Amino acid sequence: MPDRAQQPVDRQLPTDEARDLISLARDIAQREIAPRAAEEEDVGIFPREVFTLLSRSGLLGLPYDSEYGGGDLPYEVYLQVLEELAAARLTVGLGVSVHSLSCHALANYGTKQQQVEHLPAMLGGGLLGAYCLSEPASGSDAASLRTKAVRDGEDWVIDGTKAWITHGGIADFYTVMARTGADGARGISAFLVPGDAAGLSGAVPEKKMGMKGSPTAQVHFDGVRVPDERRIGEEGQGFAIALSALDSGRLGIAACAIGLAQAALDEAVAYSSGRQQFGRPISDFQGLRFMLADMATQIEAGRALYLAAARLRDAGRPFAKQAAMAKLHCTDTAMKATIDAVQILGGYGYTADFPVERYMREAKVLQIVEGTNQIQRMVIARHLAGPEAHRTG
């Protein structure tokens, strides 16, 4: 099958620095990430050395303050870097998004002393983070979490289990939401827990249908002792911190989804342009051409949607509704685009000789993580019509 050169996405970027950054991300993606993606995903290898390279290249802390090792870049640029990385390998793009999510609490709610002490290593020192909110019995209903942190002098002692943790068991630090007070959202506090803390352990990673190279595991806290200076924000503020992080994190997922969808579209265009049937390329047939046109249109719409939300964020305006819309639309688009790419490749699309079957398996998780798409619809509806009326008795 003849190769068709991938056409880079034509991006609208605010500065020459941003254009150079996208070029750097593309170069790393093409040289260091994409060539090994299929083989490493097949056997479940996590590319830690890639994250080390990204850290050295300044790509792990892009939206954060340069005073602490970040890139001082707007979210609209950071998300487009994520998209480029995810197009090469979702394990990497999603991993960068999760790392950024795990830095959010300290960067936005930590004290000056905490930020000076911890952020440089987190943003540019080669460390890798994880975000711990979900538990075995509390996923969408995150406010019902049961992991407890009990005050003991100047320390907190954490006991419980977190579930579905990306980088669980291999992260260098964990941003952990734990119950320090009464039931409900107001009894939760946030902590920065080092990955080598005594009593912290990762379970065997989950066996997943996709993203096998990205470890997802339960994380156990068995009497993990952390000093009070590692508590982030006020006692009882943890759930608000968690939700604030998720608003931004949903944009990261949206960008990763569009990267994956774009990769599927590129593969479908390349294959259909080279595959001959009935004496001509199958891309000549109208039914298939319309599929490609629909894929491209939905991808462009998704990209515009996540960038519009990012620009609201960059301007300091409310963006939670738009973030939920972007996460919903972009991840649904990724699922549909990857399914269509498999269909366009026909029998070959169902084999591991081509990447679209992997893309389809990977796309599904994006409709689930950081708030299922059903939760996104609830968030959007609340912005439109107000909170649901709760019946009693």
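Bear in mind the structure is a predicted one, so any value in this text is a computation, not a measurement. Numbers here simply count residues along the sequence, with the first being 1.
Under the 4.5 Å side-chain criterion, counting only non-hydrogen atoms from C-beta, Y174 is in contact with C132. The closest side-chain heavy-atom distance from D155 to D228 is not below 4.5 Å. At a threshold of 4.5 Å between non-hydrogen side-chain atoms, the residues V150 and W156 do not count as touching. With contacts defined as side-chain heavy-atom distances shorter than 4.5 Å, the pair L288/I344 qualifies. Counting heavy atoms from C-beta outward, T166 and P215 have side chains that stay 4.5 Å or more apart.
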**OP:** With side-chain hydrogen bond (donor to acceptor under 3.5 Å, both in side chains) as the test, would you mind laying out the steps for Y109 and S244 before giving the verdict?
**Re:** CA-CA 10 Å; Y109 295 89; S244 171; 3.3 Å; yes
**OP:** Evaluate the side-chain contact (heavy atoms from CB on, under 4.5 Å) criterion for residues R303 and E83: first the C-alpha distance (whole Å), next the side-chain angles of each, then the deciding distance (0.1 Å), finally the verdict.
**Re:** CA-CA 9 Å; R303 185 175 291 120; E83 186 189 326; 2.6 Å; yes
Subject >> Audit row: L62, L21, side-chain contact (heavy atoms from CB on, under 4.5 Å) steps and yes/no >> reply: CA-CA 10 Å; L62 291 177; L21 194 65; 3.7 Å; yes
**OP:** Test side-chain contact (heavy atoms from CB on, under 4.5 Å) on I258 and Y306 and set out the steps.
**Re:** CA-CA 9 Å; I258 292 302; Y306 86 63; 4.1 Å; yes
Original post:
After noting the C-alpha distance and the side-chain angles of R275 and Y348, does the key distance pass the side-chain contact (heavy atoms from CB on, under 4.5 Å) rule?
Top reply: CA-CA 11 Å; R275 173 69 167 172; Y348 290 110; 3.9 Å; yes
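Under the 4.0 Å criterion applied to side-chain N and carboxylate O atoms, R48 and D172 are assigned as salt-bridge partners. Of the charged side-chain nitrogens involved, at least one lies within less than 4.0 Å of a carboxylate oxygen, so that K336 and D340 count as a salt-bridged pair. Using a 4.0 Å cut-off between a side-chain N of Lys or Arg and a carboxylate O of Asp or Glu, R89 and E362 do not qualify as a salt bridge. The pair D353-R358 does not meet the salt-bridge criterion, since no charged nitrogen lies less than 4.0 angstrom from a carboxylate oxygen. For the pair E206 and K212, the salt-bridge criterion is not met [side-chain N within less than 4.0 Å of a carboxylate O]. Between R225 and E154 there is no salt bridge, since no side-chain nitrogen of the basic residue lies less than 4.0 Å from a carboxylate oxygen of the acidic one. Under 4.0 Å is where a charged nitrogen must lie from a carboxylate oxygen, and between R36 and E39 no such pair does.
Note: the hydrophobic cluster containing I375 does not contain L133 (ILVMFWY, side chain heavy atoms under 4.5 Å, direct or indirect links). Transitive grouping of hydrophobic side chains (ILVMFWY, heavy atoms separated by less than 4.5 Å) brings L94 and M360 into a common cluster. Put simply, L251 and L60 are part of the same group of oily side chains (I, L, V, M, F, W, Y) that touch within less than 4.5 Å, one to the next. V342 and V269 fall within the same hydrophobic cluster, where Ile, Leu, Val, Met, Phe, Trp and Tyr residues are linked whenever their side-chain heavy atoms come under 4.5 Å apart, directly or through other members. In the hydrophobic clustering of ILVMFWY residues, with side-chain heavy atoms under 4.5 Å counting as a link, V356 and I33 come out together.
Across G252 and S97, no two heavy atoms sit closer than the pair CA-OG, 3.5 Å. When every heavy atom of H104 is checked against every heavy atom of I241, the shortest pair comes out as CD2-O, 4.4 Å. Looking at every heavy atom in both residues, V379 comes nearest to A324 through CG1-CB, 3.8 Å. Here the shortest heavy-atom pairing between I165 and A130 reads CG2-CB, 3.9 Å. Closest of all the heavy-atom pairs between D332 and N373 is OD1-ND2, 2.9 Å.
Within a 6.0 Å sphere centred on NZ of K208, other residues, nucleotides and ligands contribute more than 12 heavy atoms. Under a cut-off of 6.0 angstrom, the local environment of CD in Q343 is sparse, with at most 12 non-hydrogen atoms contributed by other residues, nucleotides or ligands. In F285, the CZ atom is crowded: over 12 heavy atoms of neighbouring residues, nucleotides or ligands sit closer than 6.0 Å. The environment of R377 atom CZ is dense: over 12 non-hydrogen atoms of other residues, nucleotides or ligands sit within 6.0 angstrom. Within a 6.0 Å sphere centred on CD of E49, other residues, nucleotides and ligands contribute more than 12 heavy atoms.
Atom CD of Q376 is separated from atom CD of E370 by 9.0 Å, given to the nearest 0.5 angstrom. Atom NZ in K364 sits 9.0 Å away from atom OG1 in T331 (nearest 0.5 Å). A distance of 10.0 Å separates CD of Q367 from OG1 of T372, quoted to the nearest 0.5 Å.
Residue pairs meeting the ring-ring contact (aromatic ring centres under 6.0 Å, His included) criterion with at least one member in residues 8-39, sequence neighbours excluded, do not occur. Residue pairs satisfying the salt bridge (charged side-chain N to carboxylate O under 4.0 Å, His left out) criterion with at least one member in residues 319-329, sequence neighbours excluded, are absent. Within the structure, no pair that satisfies the ring-ring contact (aromatic ring centres under 6.0 Å, His included) test touches residues 199-255, not counting sequence neighbours.
Under the side chain to side chain donor-acceptor pair (under 3.5 Å) criterion, T147 pairs with E135, not counting sequence neighbours. Residues passing the side chain to side chain contact (heavy atoms under 4.5 Å, CB included) test with A363, sequence neighbours excluded: L260, A334, M335, T338. By the side chain to side chain contact (heavy atoms under 4.5 Å, CB included) test, T297 pairs with no residue at all, sequence neighbours left out. Partners of D42 by side chain to side chain donor-acceptor pair (under 3.5 Å), not counting sequence neighbours: none found. By the side chain to side chain donor-acceptor pair (under 3.5 Å) test, D294 pairs with no residue at all, sequence neighbours left out.
Of the possible donor and acceptor atoms, none in the side chain of S55 sits under 3.5 Å from a partner among the backbone N and O of T52. Without hydrogens or angle criteria, Q237 side chain to E234 main chain gives a donor-acceptor distance under 3.5 Å.
Taking the six-membered ring for Trp and the full ring otherwise, F46 and H167 have centroids separated by under 6.0 Å.
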Only distances under 3.5 Å count here; give the side-chain donor-acceptor pairs of residues 309-317 to other protein atoms, sequence neighbours excluded, each with its distance to 0.1 Å.
residue: R311; atom: NE; partner: E76; partner atom: OE1; Å: 3.1
residue: R311; atom: NH2; partner: E76; partner atom: OE1; Å: 3.1
residue: R313; atom: NE; partner: S248; partner atom: OG; Å: 2.9
residue: R313; atom: NH2; partner: S248; partner atom: OG; Å: 3.3
residue: D314; atom: OD1; partner: Y75; partner atom: N; Å: 2.7
residue: D314; atom: OD2; partner: Y75; partner atom: N; Å: 3.2
residue: D314; atom: OD2; partner: E76; partner atom: N; Å: 3.2

List the atom pairs, donor and acceptor, that lie under 3.5 Å between side-chain atoms in residues 113-129 and the rest of the protein, sequence neighbours left out.
residue: Q114; atom: OE1; partner: T111; partner atom: N; Å: 2.8
residue: Q114; atom: OE1; partner: T111; partner atom: OG1; Å: 3.4
residue: Q114; atom: NE2; partner: E229; partner atom: O; Å: 2.6
residue: Q114; atom: NE2; partner: R231; partner atom: O; Å: 2.8
residue: Q115; atom: OE1; partner: Y68; partner atom: OH; Å: 3.4
residue: Q115; atom: NE2; partner: L106; partner atom: O; Å: 3.1
residue: Q115; atom: NE2; partner: A107; partner atom: O; Å: 3.1
residue: Q115; atom: NE2; partner: G110; partner atom: O; Å: 3.3

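Residues L305, M325, L328, I380 make up the rest of the hydrophobic cluster containing L384, defined by ILVMFWY side-chain heavy atoms closer than 4.5 Å, directly or through other members. Under the 4.5 angstrom side-chain criterion for Ile, Leu, Val, Met, Phe, Trp and Tyr, W164 has no cluster partners at all.
With 3.5 Å as the limit, one finds a donor-acceptor pair spanning the side chains of D141 and S144.
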